[in-house]
Amino acid sequence: MENLTEIKINCYYKIKGFDKNLEYKICRRFCDFGITKGEKVRLKAKSLLRRVLLIEIRGYILSIKSSLAKYILVEKW
Amino acid sequence: MVNVILVGNPNTGKTTLFNSLTKSSEHVGNWHGVTVDEKSKIYSYKNQKINLIDLPGIYSLTPLSFEEKVAVEFLYSHSEYKVINICDKNNIQRNLYLTLGLIEKGFDVILAINEIDKNIINKIDISLLSNELGIDVVEINADKKINLDKLNEKILVKKNNKKALNYLKKVDFSVFFNILNGKIDKKDYDYYSIKLFENDEIIKEKLNLSQSENEFLKDKIGLKTIEKISNLRYEYIKEISNKCIKRSDKIYGENKLDKILLNKYFAFPIFLVILLGIFYVTFFSFGKILSNSLSAFIENYVGIPIINYLEKFNKNSWIIGLFEIALIGGVGSIISFLPQVALLFFFLSILEDSGYLSRLAFVFEDILSKVGLSGKSVYTLLMGFGCSTTAVMTARNMEDKNSKIKTVLLCPYMSCSAKFPIYAVIGGAFFGNLNIFYIFGLYLLGVIIAISLSFIYEKTILKSKDQSFILEFPPYRVSSIKRISILLFKNIKDFIVRVGSIIIAMNVIIWILSNFSFKFNYLKNVNERSMLESLGRVIAPIFSPLGFGNWAIVASLIAGLIAKEIVVTSIAMFNKIENSSQGLISSSILETSSLVYFVSKSSVVSFLVFCLLYFPCIATISMMKKEIGLKWTLFAIITQFLVAYIVSFVTYNILFSIEIFGFLNVFLVIFVIFLIILSIFVIRNRLKNKNICSNCKNLTKCKRCKK
């Protein structure tokens with residue numbers, strides 16, 4: 001399974017779940033932002049040093065740090 | 001009186017609604033976390049008093065950053081208050097997540113759906129939504145004050161029969177009943193159980209759990225339970241969305257502009273150009289014309305008539321001196337900067353409203369996270385260009401204490417608007433039209449020093465935790481004329497009040513100290529040293545290595561601690577400028593007969609650098625004390641002085657050597673010193689690596705030799 005940092009730009013993926021090492025408080029924050037299992041996600045862009053990703057989820061745009069995004073596991077939509 | 005709390009996701013227009021309902025002018029912007037603490041105001045509707053409380057934005061009832069904590073703790077301690085949950089109409093699906101949380105907690109909720117943007121993404125069937133959720137729903141436009149009466153009506157109605165939401169029925173709450181038994185009211189069991197499943201720290205703290213209970217919890221909760229609870233909420237949201245909301249396929253916050261503004265290679269240059277443009281318009285082209293016209297106006301219609309009037313009186317009376325120099329010369333010289341200060345705030349607020357700052361946070365996260373800050377610090381640091389005092393407060397959107405302290409410590413290095421008059425008057429005298437480069441250089445120097453210090457703090461005393469940087473992109477928006485005019489009016493008023501109170505008072509004090517001796521004789525009539533001169537001469541030698549050991553300059557720097565503009569007004573007073581013109585002050589510091597004069601360009605640059613970096617002003621110091629405590633505030637004051645001293649010392653000596661020995665020679669010497677330091681580092685690293693066996697060389701911790 002791939003994580004969010006490894007996927008192709010501008011393709012749709014489906015969130016499979018979270019890595020088991022994810023901190024509880026970050027997991028809650030993901031949930032607050034609607035990053036949940038089964039949701040459709042698209043990687044829009046990466047920053048210059050690839051430390052931040054720009055993703056589309058639930059119809060809006062979110063910037064998220066790669067060090068957090070790597071806990072989000074996805075598969076092709 | 002009815003107590004009402006405004007709650008909602010960040011950047012959904014809570015403060016806009018607060019301002020509209022209570023007719024206030026609290027600060028708003030298109031950014032997450034403009035409001036960082038609670039504010040309340042009482043207004044009346046139909047003879048009923050309503051106490052409205054505005055809270056910082058939250059995403060759920062489980063906080064992460066400091067400002068969210070303020071909001072959630074307030075909510076928990078006032079659970080009997082009515083709640084207006086404000087949502088952004090175009091992003092309601094995400095916003096409803098918080099709404100469900102509030103309903104679960106048992107709040108008496110009114111859902112206010114705010115239409116912020118003209119491009120409508122969602123069409124909502126209000127009455128159906130109200131039925132589904134079992135709460136009052138009102139569609140409003142907080143900015144244009146549409147349907148606010150409807151909202152007020154709903155506030156006055158007390159609702160008792162709440163509809164039970166069934167989506168959490170699938171969860172077995174009985175697991176925690178043993179833990180909760182006797183600790184809380186029975187009706188709160190369900191809510192506390194949900195929060196325990198989510199491993200909510202605040203709730204756990206409230207329950208004061210024993211060790212065995214904590215062990216029990218550890219067994220029962222985990223990522224799976226957190227996910228499960230949130231999935232149930234989202235499933236329910238999807239269910240009601242399908243019934244009540246028609247969504248177009250537009251994406252909230254997406255804009256074609258981002259392709260250019262966020263481009264890997266163009267993002268930085270574009271930002272620099274925008275910043276340079278703002279500085280150019282504010283300080284040089286348009287701003288300067290406005291400033292000169294205001295200066296001429298004050299001179300012709302206020303300054304000269306008063307001076308002519310005063311001529312009739314005895315010139316040797318101290319009252320006349322005080323009027324002419326402390327009030328007309330001193331205050332007049334600073335008031336002409338008003339248009340420029342107002343323009344700077346104008347541009348900063350346009351930036352703030354535009355939604356560009358969230359994009360900047362994305363662009364700068366790369367660099368800033370390397371020095372232990374977060375992209376979110378961009379907002380605080382940019383606001384620092386306006387006023388450090390207000391910028392310091394915005395650091396509350398950090399999650400981690402060390403990052404917050406660090407951001408606060410760095411704020412004063414951003415050159416605030418009060419320092420600009422110093423650069424314009426002193427720099428203008430020596431550099432003329434080239435001054436724009438010197439001024440931009442000073443702003444840049446402030447930023448570079450702030451970033452380097454952050455790097456040093458990160459490696460030594462203020463190591464920050466990895467910040468969980470997740471930020472929503474708001475749509476691009478254009479500020480309304482109404483908002484800009486309110487903001488301009490507020491800033492102009494602030495500036496005039498500042499000049500009218502603290503600056504006049506300080507000018508009078510400085511004038512008295514510099515015109516009377518310790519025997520309290522007026523110096524125009526006797527030949528003695530003034531009180532300020534006697535004191536200044538004791539301290540002045542400390543500054544000789546920086547190129548400005550003149551007592552009057554030192555005295556103006558000390559006076560500037562109260563407010564940075566006073567550096568300029570006190571220089572005007574020392575040089576006995578009886579007029580409000582900036583040009584006169586500039587030309588006076590070139591003359592060796594003046595009290596304040598500079599001999600060389602190197603000492604001017606050194607002085608400007610010192611002004612940029614030395615102590616924060618009194619207002620900022622008191623705000624810092626409130627935000628990060630006395631210990632860190634003292635630390636900030638001491639380090640700022642040291643940094644200012646060292647940087648000025650180095651600048652002065654390098655520039656002074658260039659003046660004497662020529663550029664090439666000095667460059668060579670610096671280059672050689674740089675090479676020596678570099679080679680020391682290389683040799684040291686080589687020696688270090690020798691002690692590690694070749695197998696473990698690439699590991700961070702050597703497994704074999706256990707080093």
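Within every chain, numbering begins at 1; the chains are lettered A, B, ... in the order of the sequence lines, protein sequences first and strands thereafter. Values in this document were obtained by computation on a predicted structure and should not be read as measured data. Atom set for the values below is all heavy atoms of this structure, side chains included, hydrogens, waters and symmetry mates excluded.
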For Tyr24(A) and Gly222(B) the tightest heavy-atom approach is OH-CA, 3.4 Å
CZ of Phe362(B) to CD1 of Ile64(A), rounded to nearest 0.5 Å, is 12.0 Å
| query | Is the side chain of Tyr252(B) donor-acceptor paired with the backbone N or O of Arg58(A) at a distance under 3.5 Å, no angle test? | reply | no
Honestly, the part of Leu54(A) sitting under 4.5 Å from a heavy atom of chain B is both
The interface call for Lys259(B) against chain A, heavy-atom contacts under 4.5 Å, is neither
Smallest heavy-atom separation, Leu48(A) atom then Phe268(B) atom, equals CD2-CE1, 4.3 Å
So, the part of Lys224(B) with a heavy atom under 4.5 Å from chain A: the answer is neither
The single option from Ile367(B), Asp366(B), Leu368(B) that satisfies side chain to side chain contact (heavy atoms under 4.5 Å, CB included) with Arg51(A) is Asp366(B)
When the 4.5 angstrom heavy-atom criterion is applied to Asn91(B) and chain A, the contacting part is side chain
Residues Glu254(B) and Ile61(A): closest non-hydrogen pair is N-CG1, 4.0 Å
When every non-hydrogen atom of Glu227(B) is compared with those of Cys31(A), the smallest separation belongs to CA-SG, 4.5 Å
Turns out that what part of Glu235(B) lies under 4.5 Å from chain A's heavy atoms comes down to neither
- Does a side-chain heavy-atom distance below 4.5 Å link Phe30(A) with Ser230(B)? no
What one should report as the nearest heavy-atom pair of Pro63(B) and Arg29(A) is C-NH2, 4.5 Å
query: Distance only, no hydrogens: is a donor on one side chain within 3.5 Å (strictly under) of an acceptor on the other, for Arg28(A) and Ser60(B)?
result: no
Okay, Ile26(A) and chain B: the region with an atom under 4.5 Å from a heavy atom over there is side chain
Residue Lys206(B) excluded, over 12 heavy atoms near NZ under 6.0 Å
yes
Rounding to 0.5 Å, atoms CD1 (Ile470(B)) and CD1 (Ile35(A)) come to a distance of 5.5 Å
Looking only at Leu223(B), Ile226(B), Asn263(B), Ile237(B), the option with the highest number of non-hydrogen pairs under 4.5 Å against chain A is Leu223(B)
If you count every heavy atom of other residues, nucleotides or ligands that lies below 6.0 Å from Tyr76(B) atom OH, does the total exceed 12?
yes
Whatever's closer than 4.5 Å to a heavy atom in chain A on Tyr97(B) counts as side chain
query = Does Ile251(B) reach the side chain of Lys44(A), with side-chain heavy atoms less than 4.5 Å apart?
reply = no
Most contact-rich option vs chain B, by heavy-atom pairs under 4.5 angstrom, among Leu49(A), Leu22(A), Thr36(A), is Leu49(A)
Give a yes or no on this: more than 12 heavy atoms of other residues, nucleotides or ligands lie within 6.0 Å of atom NZ of Lys105(B). yes
Okay, Leu98(B) and chain A: the region with an atom under 4.5 Å from a heavy atom over there is neither
Bottom line for Asn90(B): the part with an atom under 4.5 Å from chain A's heavy atoms is neither
So do Glu365(B) and Ser47(A) actually touch side chain to side chain, heavy atoms under 4.5 Å?
no
Looking at Lys37(A), I'd like to know if its NZ atom is crowded, meaning that more than 12 non-hydrogen atoms belonging to other residues, nucleotides or ligands lie closer than 6.0 Å.
no
Interface check, chain A: of Gln93(B), Arg247(B), Lys250(B), most non-hydrogen pairs under 4.5 Å belong to Arg247(B)
Hey, is the main chain of Gly34(A) close enough, under 3.5 Å, to the side chain of Tyr234(B) for a donor-acceptor pair? yes
